[in-house]
Amino acid sequence: MTVDGPTRDADRNRNLVDRADPATDGMLFPRLSNGITLLDVAGGRGVQLLQSFVLDHLLLNEGPAFWIDADGHATTTSIARIAPSRRLLDRIHVARGFTAYQHYGAVRDLPTAVNRSIQRSATDADPRDRSPSNRSETSSPHTPSLVVVPAVDVQYRASDSLTGERAETLQARTLARLGSYADGYDVPVLVTRSKRDEFSRPVETAADRRIECERTKLGPRFVGEDFETIVYPVDDGAYYQTTFAYWRRVLELRARQVGLEPTTEPSTGGPDAVGVGSGTGTDSTAHSATPLLETWTAADTGGR
């Protein structure tokens, strides 16, 4: 006789990972590619979304992530709640910059931290840490797999010791170094910004790609140059489709099923007509902007 105890968040997330469908998970969450990726989250800082990106990348790639934090994005409470394994958190190295100079110093000293991490991991390598079959073949357990810099602009805004020109220069140097790390280590660099304005415009300019995120009732929706969230999972394993293009295709299919074929021929119903519908026969009917009203008021149909 067994008793079901409460399910921990970590166990629940681990079950979700085990049930992930490789054929559809790419439709739900965008993958990070090498270069600077700007994640813009509408309506908030998007702390958990950023952490989800980091954990998802670490699950698919070996090597540590180097996180240069600002504005409290590297909160251990939330990231431990969504992480499927605590051992995954050991691969995240965090440095915090509480001023503009500290933040720039952490970015500048990143190669030193990377070298120390490589030396330590090569010396203390655990033979149990073997790469699962679903991980990238090009990743290494010793070299960096990701650089994370959330709110990359926030410290350069808040510093009272920096003039406007000096703040812009220091931010530009930070972005230049992040670009060199993306090229030198051949890894993704994930950044966010605290505001979308003229001061943070260089962040968008320096980014190789941009992912916008908006919150919906069904979950976060991501839109990028080569990615768009078009489905949302439900408990029974099915998927909800929410894009307008999908519903347009459904309505076109419904129209064909009832014998109303759309056509691109010009309308012959006068200046108010908006299209032509072809029925099951050879006749065509012109539709105006109020086809339902016409149906109820047409004299030959007995309507009023």
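For the pair V41 and G46, the tightest heavy-atom approach, listed with the atom from each and the gap, is CG1-CA, 3.9 Å. Residue L89 comes nearest to A83 through the heavy atom pair CD2-CB, 3.8 Å, listed as atom of the first residue, atom of the second, then distance.
Evaluation of the salt bridge (charged side-chain N to carboxylate O under 4.0 Å, His left out) test over residues 63-73, restricted to residues two or more places apart or in two chains, returns R45-D71, D69-R96. Here ring-ring contact (aromatic ring centres under 6.0 Å, His included) pairs that include residues 175-200, with residues two or more places apart or in two chains, number zero. Residue pairs meeting the salt bridge (charged side-chain N to carboxylate O under 4.0 Å, His left out) criterion with at least one member in residues 168-185: none, sequence neighbours excluded.
Between L146 and V54 there is a side-chain heavy-atom pair separated by less than 4.5 Å. Taking the side chain as every heavy atom from C-beta outward, H103 and T99 never approach each other to under 4.5 Å. Considering only heavy atoms from C-beta on, L88 comes within 4.5 Å of L59 through its side chain. Side-chain contact between S145 and H57 is present, with heavy atoms from C-beta onward closer than 4.5 Å. Inter-residue side-chain proximity for L38 and V203 is flagged as met; some heavy-atom pair is nearer than 4.5 Å. Under the 4.5 Å side-chain criterion, counting only non-hydrogen atoms from C-beta, T37 is not in contact with V189.
Every residue was checked against the side chain to side chain donor-acceptor pair (under 3.5 Å) condition with D90, not counting sequence neighbours, and none meets it. Residues satisfying the ring-ring contact (aromatic ring centres under 6.0 Å, His included) test with F66, not counting sequence neighbours, are H93. Contacts of H73 classified as ring-ring contact (aromatic ring centres under 6.0 Å, His included), with partners at least two apart in sequence or in another chain: none.
Residues S200 and D197 bring a donor and an acceptor atom of their side chains to less than 3.5 Å of each other. With hydrogens and angles left out, the side-chain atoms of D153 and S194 include a donor and acceptor closer than 3.5 Å. Between the side chains of Q51 and S78, at least one donor N or O lies within less than 3.5 Å of an accepting N or O. Side-chain contact of R209 with S33: a donor-acceptor pair under 3.5 Å is present, judged by distance alone.
Here the OH-CG distance, from Y156 to L175, works out to 8.0 Å after rounding to the nearest 0.5 Å. The CD1 atom of I211 sits 6.0 Å away from the CG atom of L32 when rounded to the nearest 0.5 Å. The structure places CG of D186 at 4.5 Å from CG of N34, a figure rounded to the nearest 0.5 Å.
Side-chain atoms of T229 come within 3.5 Å of backbone atoms of F222 as a donor-acceptor pair (strictly under, hydrogens ignored). Side chain of Q171 to backbone of A167: no donor-acceptor contact under 3.5 angstrom is found. Looking only at distances, a side-chain donor or acceptor of S52 sits under 3.5 Å from a matching main-chain atom of Q48. For S85 (side chain) and R87 (main-chain N/O), a donor-acceptor pair under 3.5 Å exists by modelled atom type.
Under a cut-off of 6.0 angstrom, the local environment of CZ in R196 is crowded, with over 12 non-hydrogen atoms contributed by other residues, nucleotides or ligands.
Both L39 and L55 sit in one connected hydrophobic cluster of ILVMFWY residues. Membership requires side-chain heavy atoms under 4.5 Å apart, directly or through other members.
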_E225/R210 under salt bridge (charged side-chain N to carboxylate O under 4.0 Å, His left out): CA gap, chis, key distance, verdict_ = CA-CA 7 Å; E225 294 180 359; R210 179 186 176 195; over 6 Å; no
*Go through the steps for V154 and K195 under the test side-chain contact (heavy atoms from CB on, under 4.5 Å), then give the verdict.*
CA-CA 8 Å; V154 69; K195 295 181 181 178; over 6 Å; no
*List the steps, then state whether salt bridge (charged side-chain N to carboxylate O under 4.0 Å, His left out) holds for R221 with E228.*
CA-CA 7 Å; R221 178 174 182 266; E228 180 180 0; 2.4 Å; yes
